[in-house]
Amino acid sequence: MKQQEPQLWQAVVNNDSSQDGRFFYGVMTTGIYCRPSCSSKLPKRENVRFYLTPEAAEQDGLRACKRCQPTAQNHSAMRALMVAMCRYIEQNYHNKLSLENLAEEAGMSVAHFQKTFKKHIGLSPKKYQDACRFNAFKQHLKEDQSITRASVDSGFQSSSRLYEKIDTQLGVKPSVYKKGGQGLDIFYADGQTPIGHVMIGATERGICFLQFADDAKGLRAFLQQDFPQAILHPMPIDQQPLFDVWMEALNHYLSGHIEQLQLPLDIQGTAFQKMVWDYLQTIPAGELRSYQQVAAALNKPQASRAVASACGRNRIAIAIPCHRVVRGNGQLAGYKWGVPRKQKLIHLEQSGTA
Ligand SMILES: [Zn+2]
């Protein structure tokens, strides 16, 4: 160390932050030790000693400077490490990343890693991984919008193939329908539309819940009711832009600016329900079908009551257009979100104005 001292001293004189973490200097007259970049008054050279670690300075009876906090000397290095861990998660988000694995990768204890990551990045490692999944999903949809449209246009068989494609691209296993949404993480947010308050709930694969009410209060309870076993999270801030895009599309649609609402869906239901819901997406806007017609189209002419029940269980309003199914005599029949809303939607689609 001795022969380097002129350089070390020069770094102190220059407040050279690039040397932070490489060494520390103690001031014998004040009894404190500092980082090279410390902004405190420059001590006299003869009162200064140099150390490689905070521990060495403390063994010499020195205390850490409150201003430059040399024990947090690794601040910038730690930050760099946490950013590197972000990159690592981004590259491996599709794998199961346990906290233990991540901590090991960072060369830290689990508790220390979790705390440090959150401090520097603002999210827990788990939340960060969720965000990566969402981003990949969003990116994928951007690139794939024409395929989405093509799939809707070309009939109800193709949509399930589309989901398979999304699954493989995201590296997420196809979500197996489990009662009550068991094992699902659902992110939700709410907003205002021309036909009332809406709440959108989404898994990492797409929207699984889109429902209306007169005010925000009841909506979360509906979400809970539909997915009693799922884990519900308010939409994280960094995913808000995605939610905004969905809301914008929805509001465009509801004000008659676009004909077909294109949203990424994660349809959770029984095989029969999915069959009905897939078929509903093939009914062109502005057209209506009776429950019987739907049953017949599915080669289950006896199943019109089951079709009606599947319509009643729809959790994704508008995007799965159950409002396009009515009674054989033309009566509107019921609508989960109120017959007046059904009426408005049919009118919008038939006349092109809300
Ligand atoms: Zn200092």
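Order of listing sets the numbers, starting from 1, for every ligand and every atom in it.
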| query | Got a donor-acceptor contact below 3.5 angstrom from the Lys342 side chain to the Val325 backbone? | reply | yes
| request: Tell me the protein N, O or S atoms under 2.8 Å from the Zn ion (ligand 1), in chain and number order. | output: Cys34 SG, Cys38 SG, Cys65 SG, Cys68 SG
Side chains of residues 290-304: which donor-acceptor partners sit under 3.5 Å, not counting sequence neighbours?
unit_1	atom_1	unit_2	atom_2	d
Ser290	OG	Gln292	N	3.4
Ser290	OG	Gln293	N	3.0
Gln293	OE1	Ser290	N	2.8

| task | State whether the side chain of Gln273 and the backbone N or O of Ala310 hold a donor-acceptor pair below 3.5 Å, judged by distance alone. | result | no
| Taking 4.0 angstrom as the limit, do Asp226 and Lys336 come out as a salt bridge? | yes
| said: Could you check whether any side-chain N or O of Arg315 sits under 3.5 Å from a backbone N or O of Ile267, counting only pairs where one atom can act as donor and the other as acceptor? | reply: no
| request: Tell me whether the centres of the aromatic rings in Phe50 and Phe23 are closer together than 6.0 Å. | output: yes
